[in-house]
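Here's the structure we're looking at; comments come further down.
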Amino acid sequence: MSLGYQSPRRRRAGDMTWGIIASMLFASFGFGGTFSYERSEKLCFPDDFIFGVATAAYQIEGAWNTSGKGESIWDRYTHERPDRIFDHHNGDVAADSYHLFRQDVRMLEYLGVQHYRFSISWPRTLPSGLSNEINEDGIRYYMELLDELNSHGISPIVTMYHWDLPQALQDLGGWTNPIIAEYFVDYARVLFDHFGDKVNVWLTFNEPLSFCHDGYGGLDAPGAHSSGFEDYLCAHNVLRAHGMVYRLYMDQYKDKIKSVGITLDFSWLEPATTSDADQKAAETARQFYFGWFAHPIFSKTGDYPPIMRERVDTISKRQHFTRSRLPSFTPEEVEMIRGSSDFLGLNHYTTYLIAKNKGKISLTPSFEADMGGIVSQKKEWPKSNSTWLKVVPWGFRKSLNWVRLAYDNPTVFITENGMSLERGLKDSRRINYLDGYLKALLTAMTKDNCRVVGYTYWSLMDNFEWTRGFSERFGLYEVDYDSPNKVRTARSSAEYFKQLAQTRCIPTWNYTV
Ligand code: GBH
């Protein structure tokens with residue numbers, strides 16, 4: 001009988017005495033790779049730095065209509081529009097973590113990680129999105145998961161919203177309807193009341209840029225395809241909702257809840273050439289893609305980035321709108337949102353080039369036209385199994401430094417970083433990605449003084465990769481979707497990550513085939 005995960009072979013392999021400079025060489029893990037690592041200043045993270053892995057509810061849980069769970073926009077979208085999903089799959093079963101979460105925790109234990117970042121499904125806990133009806137089975141599920149983590153000494157880091165909006169709220173306009181901010185606060189209150197004392201770190205949102213720009217402005221669920229309009233409405237209400245939850249925590253839960261933050265994604269945006277025009281366009285693009293959410297929360301002045309305000313206002317006028325397509329905060333809202341995060345959760349994967357768009361601005365609104373840059377990537381950059389994800393470690397260091405300078409060196413927690421490949425256990429290219437990005441991170445911390453407190457790899461295991469279905473695999477563990485019990489098997493990178501998490505030093509890795 002299969003346990004559904006690979007049993008640990010070398011439980012204590014990573015244990016070693018701190019302080020002595022040592023080097024260890026593991027003969028073989030059965031996959032043909034060997035590791036050695038040494039505790040030297042330049043390759044080790046500080047002792048209080050934490051390592052973990054991440055997942056998200058819709059991407060791993062399955063059990064989409066089990067025990068009272070409500071329908072989410074991703075359930076609806078994948079069922080109604082399978083043509084919009086690359087391999088026509090959906091998250092109905094996914095990695096079946098709703099049933100197999102105890103195996104997941106055993107994998108986390110094997111890796112020796114200090115934390116696990118996962119998300120709670122809003123429609124699993126509140127089927128209609130509203131707090132009048134609480135689904136007890138949903139509460140039970142997350143309670144058991146939290147207890148399992150805490151009893152193994154793994155610190156839970158919980159995202160309240162990782163894109164699976166209750167469909168009932170989408171029927172009211174979803175994130176484009178201002179009332180949703182109040183409903184999100186009600187949901188947060190339910191989470192604080194039930195789970196507050198079991199969770200160290202809360203994240204309100206995962207990547208509002210993605211679910212506003214790609215969901216309301218593009219072809220992710222709900223697939224509104226209304227760029228330059230609905231994406232701005234979405235962002236506006238997400239920022240209000242985030243600020244309101246932070247104030248709820250400060251006013252009413254300060255003694256129960258330890259910290260509340262938000263996760264934003266920041267791809268590095270490098271000027272395509274050294275020309276002034278391209279450098280200016282790249283900085284404007286950073287303000288649009290990242291400052292859109294970061295400036296209202298993390299800048300001294302709050303509100304949207306001035307350049308974004310100016311460009312969208314001007315272009316809206318030229319397009320004959322009576323008012324700007326970018327909504328305005330009241331002065332009270334600016335104050336409520338400013339400073340509303342204990343730290344910055346940062347997802348970083350890749351780098352793009354930005355060139356100034358010299359063409360005429362079209363009459364059709366779009367975020368891209370407002371931003372005014374042309375986005376590309378260099379052909380030479382090593383590929384992953386995702387078209388958008390190229391391996392550019394130096395972009396990580398630049399992103400961290402930009403954040404340091406723009407927002408007065410805030411506390412940063414890396415909540416996602418990772419690489420997709422095809423199926424296969426010998427993922428030397430993933431180890432190479434990790435090696436490059438971890439070195440860039442360590443340099444940003446030690447040489448540039450960026451304040452980073454933890455690192456989270458995306459993902460613990462393969463999962464439902466949104467519109468890319470199961471075709472792109474980010475896991476340290478491979479999931480066999482064809483097996484009835486969704487067997488999880490450690491990849492080479494899991495052994496690498498185990499060394500990293502247990503020693504806090506970047507393993508020196510020799511791939512011997
Ligand atoms: C993260 O987003 C998500 O938080 C996570 O759920 C996801 O599994 C992980 O990345 C891996 O993808 O196809 O050219 O239109 C990362 C940011 C933004 C990257 C949207 C992909 C689509 C680019 N994502 N983007 S494209």
Side-chain angles (χ1 to χ4, degrees), residues 175-176 207-220 224-239 264-299 301 303-321 323-329 346-378 387-390 392 395 398-399 402-403 406-407:
W175 290 106
T176 65
E207 298 190 353
L209 171 70
S210 294
F211 72 84
C212 289
H213 178 263
D214 300 349
Y216 290 84
L219 290 171
D220 277 6
H225 217 358
S226 170
S227 181
F229 184 52
E230 288 192 40
D231 42 7
Y232 291 146
L233 299 181
C234 170
H236 200 69
N237 294 320
V238 165
L239 284 160
L264 306 179
D265 50 322
F266 191 16
S267 300
W268 179 244
L269 301 167
E270 178 77 4
T273 71
T274 53
S275 75
D276 284 353
D278 286 352
Q279 295 203 36
K280 202 166 157 239
E283 180 56 21
T284 302
R286 289 171 209 135
Q287 295 294 350
F288 267 75
Y289 282 104
F290 185 66
W292 186 10
F293 298 95
H295 198 277
I297 301 174
F298 295 97
S299 75
T301 46
D303 209 341
Y304 292 119
I307 185 76
M308 187 172 188
R309 176 89 270 159
E310 184 193 311
R311 287 187 64 97
V312 185
D313 288 2
T314 310
I315 296 171
S316 298
K317 220 172 259 161
R318 269 195 242 157
Q319 292 166 334
H320 314 298
F321 287 94
R323 59 180 61 80
S324 178
R325 287 178 281 99
L326 184 68
S328 293
F329 293 117
L346 198 71
N347 291 357
H348 176 88
Y349 285 87
T350 196
T351 288
Y352 297 92
L353 298 175
I354 300 289
K356 183 184 161 69
N357 184 352
K358 296 190 184 111
K360 266 223 157 96
I361 289 165
S362 105
L363 277 181
T364 319
S366 80
F367 174 89
E368 279 68 23
D370 292 339
M371 182 263 301
I374 295 171
V375 185
S376 67
Q377 287 178 315
K378 266 212 173 97
T387 49
W388 56 274
L389 205 174
K390 304 290 180 335
V392 193
K398 287 206 175 186
S399 302
W402 192 90
V403 164
Y407 308 121

Just verifying a value: how many Å separate Met371 CE and Ser366 OG, rounded to the nearest 0.5 Å? 8.0 Å
Evaluate side-chain contact (heavy atoms from CB on, under 4.5 Å) for Phe288 paired with Leu269, printing each intermediate quantity in order. CA-CA 11 Å; Phe288 267 75; Leu269 301 167; over 6 Å; no
Arg286 versus Ile354: any side-chain heavy-atom pair under 4.5 Å? no
Salt bridge (charged side-chain N to carboxylate O under 4.0 Å, His left out) partners of Glu368, counting only residues at least two apart: none
Taking atom NZ of Lys398 and atom NE2 of His348, what is their separation to the nearest 0.5 Å? 11.5 Å
Glu310 backbone acceptor or donor facing Asp313 side chain under 3.5 Å: no
Closest non-hydrogen atoms of Ile361 and Arg318, given as atom of the first, atom of the second and distance, are CD1-NH1, 3.8 Å
Which value, rounded to the nearest 0.5 Å, describes the distance between Asp370 atom CG and Thr284 atom OG1? 12.0 Å
Check whether any side-chain heavy atom of Arg309 lies under 4.5 Å from a side-chain heavy atom of Ser324, and answer yes or no. yes
N/O donor-acceptor pair under 3.5 Å between Gln319 side chain and Ser362 backbone: yes
Which atom pairs, one a donor and one an acceptor, fall under 3.5 Å between side chains of residues 290-299 and the rest of the protein, sequence neighbours left out?
from	atom 1	to	atom 2	distance (Å)
His295	ND1	Ser299	OG	3.3
His295	ND1	Gly302	O	3.3
His295	ND1	Asp303	O	2.7
Ser299	OG	His295	O	2.7
Ser299	OG	Gly302	N	2.9

What pairs with Ser376 under side-chain hydrogen bond (donor to acceptor under 3.5 Å, both in side chains), at least two apart in sequence or on another chain? none
Just how far is it from atom CD of Gln377 to atom OG1 of Thr351, taken to the nearest 0.5 Å? 8.0 Å
Ser227 side chain to Phe367 main-chain N or O, any donor-acceptor pair under 3.5 Å? yes
Can you confirm whether Asp231 sits close enough to Ser226 that some side-chain heavy atom of one is under 4.5 Å from a side-chain heavy atom of the other? no
Pairing residues for Gln287 by the side-chain hydrogen bond (donor to acceptor under 3.5 Å, both in side chains) criterion, not counting sequence neighbours: Glu283
In terms of relative ring orientation, are Trp175 and Phe211 parallel, tilted or perpendicular, with 30° and 60° separating the classes? tilted
Quick one: pull up CZ in Arg323 and CG in Leu326 and give me the separation to the nearest 0.5 Å. 13.5 Å
Answer yes or no: is there a side-chain heavy-atom contact under 4.5 Å between Tyr349 and Asp265? no
So, the side chain of Thr350 versus the backbone of Lys390: is there a donor-acceptor pair under 3.5 Å, distance only? yes
Between Pro365 and Phe321, the two heavy atoms sitting closest are CG-CZ, 3.6 Å
Before giving the answer on side-chain contact (heavy atoms from CB on, under 4.5 Å), spell out for Phe329 and Leu239 the whole-Å C-alpha distance, their side-chain angles and the decisive distance to 0.1 Å. CA-CA 10 Å; Phe329 293 117; Leu239 284 160; 3.9 Å; yes
Compare every heavy atom of Ala272 with every heavy atom of Ala355, then report the nearest pair and how far apart it is. CB-CB, 3.9 Å
With a 3.5 Å distance limit and no angle check, can you tell me whether Thr176 reaches the backbone of Leu233 through a side-chain donor-acceptor pair? no
With rounding to the nearest 0.5 Å, note down the distance linking CG in Leu209 to CG in Asn347. 10.5 Å
All side-chain hydrogen bond (donor to acceptor under 3.5 Å, both in side chains) counterparts of Glu230, not counting sequence neighbours: none
Using a 6.0 Å cut-off, check whether atom CZ of Phe229 has over 12 heavy atoms from anything other than its own residue. no
Across all chains, not counting sequence neighbours, the side-chain hydrogen bond (donor to acceptor under 3.5 Å, both in side chains) partners of Lys356 are none
Is there a side-chain contact between Val312 and Met308 in this structure, where contact means two heavy atoms from C-beta onward sitting under 4.5 Å apart? yes
Shortest non-hydrogen contact from Trp268 toward Ser399: CB-OG, 3.4 Å
